[in-house]
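Labels below follow one simple rule: chain letters A, B, ... track the order of the sequence lines, proteins then strands, and each chain is numbered from 1.
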Amino acid sequence: MSKFQNQVTIIYQKLYDLYGPQGWWPLINLNSTNPYKTGAIRGYHPGNYDLPQERKDIYEVILGAILTQNTSWLQAENALLNLNELNAIVPEKLLGLDDEILKLAIRCAGFLNQKSIYLMEITRFFIELDGRVPTRKKLLGVKGVGNETADSILLYAYKQAEFVVDTYTKRLFSHLGIVDENIKYMELKELFESNLPKDTSIYNEYHALIVEHAKRYYSKKPYGVDDPLKSMLID
DNA sequence: AACCAGGACGTGA
DNA sequence: TCACGTCATGGT
């Protein structure tokens with residue numbers, strides 16, 4: 001067992017012990033059988049890895065993946081709620097939306113000019129898919145979909161075992177001295193994927209746990225102050 | 001009042 | 001390939 005494999009496994013277990021299952025990806029309209037519908041964890045569904053199922057929910061995850069780019073999830077969620085008020089979390093409806101109305105709805109998530117275009121692009125792509133699971137390469141061909149968004153869509157909308165790397169992932173693991181701070185997206189992604197079981201639910205939890213942990217200890221500088229992970233890295 | 005948020009794209013070297 | 005500027009609103 002490599003040192004990296006050892007570290008990522010231990011860190012995953014530690015984060016899971018600290019925060020528990022995260023219930024990603026949050027959905028604004030869960031069916032009534034889901035207990036996590038209100039309050040601080042609205043939309044999250046911890047322990048349930050079968051979501052999303054319905055076309056509408058898959059589409060919602062995709063929209064959220066675009067909307068949350070370089071933006072807090074709270075604002076992305078507000079944008080989704082606005083779209084939902086317009087009954088626009090339906091591909092055909094969103095395509096027919098007036099440009100100014102779309103921008104007004106997603107304004108709170110920032111980058112409204114770019115994201116309005118991106119949402120239209122990914123929506124056309126989604127309709128063409130006609131229910132099929134997209135390849136990573138095809139997703140990357142859509143304007144507005146980069147590495148992280150592609151992996152987020154594949155993992156959280158389509159339940160494909162694609163590990164999601166984000167700035168928090170890089171920041172956390174480089175700060176802990178596990179990888180170089182200049183490591184490339186694909187390098188870090190492959191490092192995780194080759195050292196973890198190819199398991200969708202584990203990829204799902206791990207990325208969500210990294211975000212939860214990094215929000216607490218790696219949002220403001222200096223990074224990593226009081227990070228409880230540090231005390232376990234003495235090997 | 002600067003800094004950051006669950007990034008991606010276009011440009012020029 | 002790679003560094004760098006740009007995109008934009010809202011919270012802390």
Q.
Starting the side chain at C-beta, find the nucleotide from dA8(C), dC9(B), dG6(B) nearest to Leu112(A).
A. dA8(C)
Q) Can you find a side chain N or O atom of Lys143(A) that sits less than 4.0 Å from OP1 or OP2 on dG10(B)? A) yes
(Q) Over all strands shown, is Gly146(A) touching base, sugar-phosphate only, or nothing at heavy-atom distances under 4.0 angstrom? (A) sugar-phosphate
Q.
Distance alone, cut at 3.5 Å: any donor-acceptor contact between the side chains of Asp227(A) and His175(A)?
A. no
Q | Whole-Å gap separating C1' (dA8(B)) and CG (Asn147(A)) | A | 10 Å
Q: May I ask you to evaluate whether Asn113(A) reaches the phosphate of dA8(C), defined as a side-chain N or O under 4.0 Å from OP1 or OP2?
A: yes
(Q) Tell me whether Tyr49(A) shares a hydrophobic cluster with Tyr12(A), the cluster being built from Ile, Leu, Val, Met, Phe, Trp, Tyr side chains joined at under 4.5 Å. (A) no
Q. Looking across every strand, which nucleic acid part, if any, lies under 4.0 Å from Val164(A) by heavy atom: base, sugar-phosphate, or nothing?
A. nothing
Q) Does Arg171(A) make a side-chain N or O approach to OP1 or OP2 of dA5(B) shorter than 4.0 Å? A) yes
Q) Between Thr68(A) and Leu140(A), which is nearer to the 5' end of DNA chain B once each is assigned its nearest nucleotide? A) Thr68(A)
Q.
Mind checking if Ser152(A) touches a base, just sugar-phosphate, or nothing, with heavy atoms under 4.0 Å?
A. nothing
Q.
Given dG10(C), dA8(B), dG6(B), identify the nucleotide with an atom nearest to the side chain of Gln69(A).
A. dA8(B)
**Q.** Minimum-distance nucleotide (side-chain atoms of Glu148(A) versus dA8(B), dA8(C), dA5(B))
**A.** dA8(B)
Q) In terms of the nearest nucleotide of DNA chain B, which residue is placed more toward the 5' end: Leu74(A) or Gly144(A)? A) Leu74(A)
Q. Is there a donor N/O on one and an acceptor N/O on the other, under 3.5 Å, for the side chain of Tyr218(A) and the base of dG6(B)?
A. no
Q.
Less than 3.5 Å apart, any donor N or O on the side chain of Ser201(A) or Asn204(A) sitting next to an acceptor on the other?
A. no
(Q) For Glu181(A), is the CD atom crowded, meaning more than 12 foreign heavy atoms sit under 6.0 Å from it? (A) no
Q. When the P atoms of dT6(C) and dG6(B) are considered, how many whole Å apart are they?
A. 24 Å
Q | P atoms of dC3(B) and dG5(C), separation to the nearest Å | A | 15 Å
Q: Using the P atoms only, state how far dA8(C) lies from dT11(B), rounded to an integer number of Å.
A: 16 Å
Q) Closest to the Pro26(A) side chain: dG6(B), dG11(C), dA8(C)? A) dG6(B)
(Q) Any side-chain to backbone donor/acceptor pair from Asn84(A) onto Leu80(A)? Under 3.5 Å, distance only. (A) no
**Q.** Atom pair distance, as rounded to whole Å: OH in Tyr185(A) and P in dC9(B)
**A.** 13 Å
(Q) Rounded to whole Å, how long is the line connecting atom CG of Leu155(A) with atom P of dG6(B)? (A) 17 Å
Q | Touch class at under 4.0 angstrom, heavy-atom based, for Lys221(A) against every strand present | A | sugar-phosphate
Q) So, Gln69(A) side chain and Thr149(A) main chain: donor-acceptor pair closer than 3.5 Å or not? A) no
Q | Derivation of the side chain to side chain contact (heavy atoms under 4.5 Å, CB included) call for Ile202(A) and Phe192(A) | A | CA-CA 11 Å; Ile202(A) 291 178; Phe192(A) 278 102; over 6 Å; no
**Q.** Among dG7(B), dC4(B), dG6(B), the nucleotide that comes nearest once only the side chain of Tyr223(A) is considered
**A.** dC4(B)
Q) Roughly how many Å is it from CD in Glu187(A) to C1' in dT1(C), rounded to a whole number? A) 13 Å
Q) Planes under 30° and centres closer than 5.5 Å, is that true for Trp73(A) with the base of dG6(B)? A) yes
Q) Starting at CE of Met186(A) and ending at P of dA8(B), how long is that distance when rounded to a whole Å? A) 12 Å
(Q) Without decimals, in angstroms, what is the distance between Asp151(A) CG and dA8(B) C1'? (A) 14 Å
Q: Side chain of Phe111(A) only, please: which of dG6(B), dG10(C), dA8(C) is the nearest?
A: dA8(C)
Q: Figure out the CG/C1' separation between Leu63(A) and dG6(B), and round it to whole Å.
A: 16 Å
Q. OP1 or OP2 of dG10(C) sitting under 4.0 Å from any side-chain N/O of Thr71(A)?
A. no
Q | Nucleotide of dG6(B), dT9(C), dA8(C) approaching Ser72(A) most closely (side-chain heavy atoms) | A | dG6(B)
Q: With heavy atoms under 4.0 Å as the rule, sort Val142(A) into base, sugar-phosphate or nothing.
A: sugar-phosphate
Q. Between Tyr168(A) and dA5(B), is there a side-chain N or O to OP1/OP2 distance below 4.0 Å?
A. yes
Q | Options dG11(C), dT9(C), dC7(C), nucleotide nearest the side-chain atoms of Arg107(A) | A | dT9(C)
Q | Distance in angstrom units between Asn70(A) CG and dC7(C) C1', rounded | A | 9 Å
Q. Is the shortest side-chain N/O distance from Lys184(A) to OP1 or OP2 of dC2(C) below 4.0 Å?
A. yes
Q. Is it the case that more than 12 heavy atoms not belonging to Lys143(A) sit under 6.0 Å from its NZ atom?
A. no
